[in-house]
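What follows is a set of notes on a single structure, which appears directly below.
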Amino acid sequence: MVRISGLCCAILATCGRHAAAQAAANPLSKVIELLDGLSAKIVKEGEDEEKAFKEFVSWCDDAARNKKYEIETATSRKAKLEASIG
């Protein structure tokens with residue numbers, strides 16, 4: 001009786017390994033695994049692009065603000081110089 005239960009355990013263990021190996025070799029499982037990996041990669045790239053875009057927008061805002069200040073400063077300086085000449 002002990003031999004039979006040991007034999008049953010060995011058979012079940014072998015079947016479990018065979019089923020796991022078969023699932024890993026299944027082409028559909030491989031496709032799903034590849035799609036999951038691709039999806040994760042796309043999400044990560046999207047987050048990186050979003051971060052880069054926010055930094056770019058911030059830079060553009062700062063550059064526009066600086067140019068506006070430079071224009072205002074140059075305009076007032078021009079007016080002062082014209083007044084001293086004229």
Side-chain angles (χ1 to χ4, degrees):
M1 187 68 157
V2 174
R3 253 183 145 176
I4 293 176
S5 65
L7 183 61
C8 287
C9 287
I11 291 173
L12 288 175
T14 304
C15 289
R17 282 186 290 215
H18 179 68
Q22 195 174 29
N26 185 354
L28 186 57
S29 296
K30 184 65 177 175
V31 169
I32 292 172
E33 179 184 322
L34 289 171
L35 287 174
D36 287 341
L38 182 61
S39 175
K41 182 180 176 183
I42 290 172
V43 168
K44 170 112 175 61
E45 288 177 356
E47 290 169 352
D48 293 343
E49 288 291 327
E50 182 180 13
K51 180 182 174 190
F53 181 74
K54 284 181 180 180
E55 290 174 2
F56 176 71
V57 168
S58 176
W59 177 83
C60 286
D61 290 342
D62 290 343
R65 197 174 306 113
N66 289 339
K67 286 297 175 189
K68 181 180 176 189
Y69 175 74
E70 289 175 9
I71 289 170
E72 289 172 354
T73 303
T75 303
S76 75
R77 185 159 189 256
K78 177 185 172 223
K80 287 178 185 176
L81 291 172
E82 285 177 347
S84 69
I85 292 173

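This structure is a prediction, so every number in the text was calculated from the model and none was measured.
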Just to verify, what does Asp36 make a side-chain hydrogen bond (donor to acceptor under 3.5 Å, both in side chains) with, not counting sequence neighbours?
none
Qualifying salt bridge (charged side-chain N to carboxylate O under 4.0 Å, His left out) pairs with a residue from residues 73-86, counting only residues at least two apart or across chains:
Lys78-Glu82
Using the ring of each side chain (for Trp, its six-membered ring), is Phe56 parallel, tilted or perpendicular to Phe53, with breaks at 30° and 60°?
tilted
Go through the structure and list residues passing side-chain hydrogen bond (donor to acceptor under 3.5 Å, both in side chains) with Glu70, not counting sequence neighbours.
Lys67
Run the salt bridge (Lys or Arg N to Asp or Glu O under 4.0 Å) test against Lys54 and tell me which residues pass, sequence neighbours left out.
Glu50
Holding to side-chain hydrogen bond (donor to acceptor under 3.5 Å, both in side chains), I want the full list of residues that pass it with Asn66, two or more places apart in sequence or in another chain.
none
Examine distances only and state if a side-chain atom of Ser39 and a backbone atom of Leu35 form a donor-acceptor pair shorter than 3.5 Å.
no
Each residue besides Leu81 in its hydrophobic cluster should be listed here, by chain and number; the cluster joins Ile, Leu, Val, Met, Phe, Trp and Tyr at side-chain heavy-atom distances under 4.5 Å.
none
Counting only heavy atoms not in Glu49 (residues, nucleotides, ligands), do more than 12 fall under 6.0 Å from its CD?
no
Closer than 4.0 angstrom, basic N to acidic O: yes or no for Asp61 and Arg65?
no
